[in-house]
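Working notes for the structure below.
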Amino acid sequence: MRLVARLGRVLPAIGLAVALAAGAVTASAAPAESPTLPGDDPVFGLANGCYALRSETAGAFVRVTPDGPRADARTADEAEAFRLHAAQLGRFMFYGRGGDMLAHDNGKAVVTTRDATPSTDWTLTHTDGVYSITATSNGTQLTAHDGRLWSTEPGVDSDGGRFTLTRTEGCADFPDSEVNATGTPLSGTGPNGEVRGFIDTHVHMNANLFIGGDVHCGTPYDPQGITVALRDCEDHGSDGLPALLENVISHGSPFETHDTTGWPTFADFPSHDSLTHEQTYYKWVERAWRGGLRIFTNLLVNNHVLCEVYPLKSRSCNDMDTVREQAAQAHAIQDYVDAQYGGPGRGWFRIVRSPEEVRRVAAEGKLAVTLGIEVSEPFGCGIQDGVAQCSEADVDRGLDEVYAMGVRQMIVTHKFDNAFGGVRFDPGVQGVAVNAGNFLGTGRFWEAEPCTTAEHDNPLLSVGDGPAQALAALPPGVTTPVYPDGPLCNVRGLTPLGEHMIRGMMDRGMIVDIDHMSVKTADATLNILEDAGYSGVVSSHSWSDSKFYERIYALGGFVALYAGQLDAQEREPGQDPKADRAGGFITSWREARAQRSDDYYFGFGYGADTNGFGPQAAPRKDAAEHPLTYPYTTFDGGTVMDRQRTGERVFDVNTDGVAQYGLIPDWIADMRNAAGADGDRIIDDMSRGAEAYLQMWERVAK
């Protein structure tokens, strides 16, 4: 009865979420692959090293006993061997041989625990060969006296807080995902500075913070490691039955179950069709980089309407508040990766602001991370009953802010009509729910008319034909629209404020992403870009009419397809068009390639939309007969990729599809099988994608 009552309360929100989202025992852990060589910095260089901890005052080393840690060992051989896991720059966890970690109890005691928590996080400073160790969570100082370790207020026992670290052997490996890539990542550039490698133009690494912060399960990193980062959501319970949003949008039924254990088994998540579980854990992104990824366009994302209707939330629903938080987290990820490699600037994850920075990062053999935005109301620019809720001054201030933040690519309309223009409809049943969201957000349903051009928006169902859950979210007495059959277009095009937005982006050398624009909005936007000869335009993940691709290419712009099925798959009526384009990725690549311009360097990309509530590619239908063979070698011949292992689970693209981002290189390598005689050509086009995008960006960058 309790579950039934809960269903009655939240299913209206879930009904909306289906569509709004769709487009919208550690000691036994597998060893982590540490890429870090000993650094020369006395603090940052400790990352992932093996050390014995010695109290200078007591003249004794720390050992771990059944009664807790003690500072009474005479030699390093008698001491505990601690793996120093870098929790962040300058912060460490002391991980013992048996998986025990040093922790404070929020009082005076220092204890050991198997659970990674904020109390196991310590900040180290170094002065004159001696370390001071402070609890990151409460600022107390680690001290030693009378053979014991204590947590004391700073300055109370300065002599007892002096420690040294001695390199030793026998440390356990801190649990983490493996990368399973052997060799040196592609570095340097080719003739004339050419960058070879893949580009993802549309991914959401910081989606754990969107929609109020309680929809997404897991995070792309955590200072305390993978056992914390990849936990299931608390509201998923012990068997996944209470996970209503996950069950409905991923599996079509509120009564599904899944194993919620996470580390180390990961029995049921991540998976290619689980839409609420983290898929861009930083180690998985590292594997994609080692497999040939060179540019990673990380779109800061939110949907404030879904946030408002969803019953669980712990953060602001405001789109721009969320953008700011996600940008800060992206930089925190960069710092965390740097921490693993021994200090600032040493990591492979580099946030960039210009094509020049991309070329420098590529020459160093690292991953260039660009920032973009995909929200429904940038700068608060929604509409209410047709009236814009912002001004040109708001747009100018907003563009200045996000440009200073490092944002260089933006989607202007997303899911709902806004002050800039009309949106491309979501189709079928999910379109009914998004249309209901459009009403809740703007005060009006979508207005449609027969298209007057070859391009058209997605087909619409009349709102009254939609699921009861979506209709229940509407206020009582609302008259719902009835739409005619045939190709339909949103009556709303680019507004004068939208033109100001486009010209403001051009003035700043930003890249206009026309995905999710209505046909009228996209056509007017392309007219402005064509009049100015402005190359900075992209379709990032198959959310624009493909007939626009020829105009994009003629401008010197860039096209990337949603990273869905490689082969043709049947699609349910009304299913998200991102899920499976009718002909599959290979057929759509051939069609797009035929529209390319010979005036510009040609390369191709993908937009994975990972963590964006879009399903990832399932295994090919004929994968059993014609599998991707492991291990395989990357396109440049420099890296050997084997099946990816996380904890006890081993992933295989032939059976798991793209269950998480670390399988993207496998999906690309599998294109040789799916493309047949065109296998070499598509891999070559994909490996030229980063350079093609860069040249487009260089033509407009300020």
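Quick note: numbers below take in every heavy atom, side chains included, and nothing from hydrogens, waters or symmetry partners.
- His204 and Asn298 are not linked by any side-chain donor-acceptor pair at a separation below 3.5 angstrom, with hydrogens and angles left out of the test.
- Note: Phe198 and Phe635 have tilted aromatic rings, judged against thresholds of 30 and 60 degrees for the angle between ring planes.
- Judged by distance alone, with hydrogens and angles left aside, the side-chain atoms of Gln409 form no donor-acceptor pair with the main-chain N or O of Ile373 at under 3.5 Å.
- The aromatic rings of Trp543 and His516 lie parallel to each other, their planes meeting at an angle below 30°, with 60° marking the opposite boundary.
- Aromatic ring orientation, His216 versus Phe210: perpendicular (interplanar angle above 60°, classes split at 30° and 60°).
- Within the cation-pi definition used here (under 6.0 Å to the ring centroid, within 45° of the axis), Arg596 does not qualify as a partner of Tyr553.
- Arg408 forms a cation-pi arrangement with Tyr403, by the criterion of a distance under 6.0 Å to the ring centre and an angle within 45° of the ring axis.
- At a cut-off of 3.5 Å, with distance as the only test, no side-chain donor of Ser250 or Asp273 sits close to an acceptor on the other residue.
- When ring centroids are compared, Tyr606 and Trp667 come within the 6.0 Å threshold.
- Side-chain contact, Tyr632 with Asp642: no donor N or O sits under 3.5 Å from an acceptor N or O.
- Ring pair Trp697/Tyr693 is perpendicular by interplanar angle, where above 60° counts as perpendicular and below 30° as parallel.
- For the atom pair CE (Met641) and CD1 (Ile668), the distance works out to 10.0 Å, reported to the nearest 0.5 Å.
- Between Gln660 and His277, the side chains place no donor N or O within less than 3.5 Å of an acceptor N or O (distance only, hydrogens not considered).
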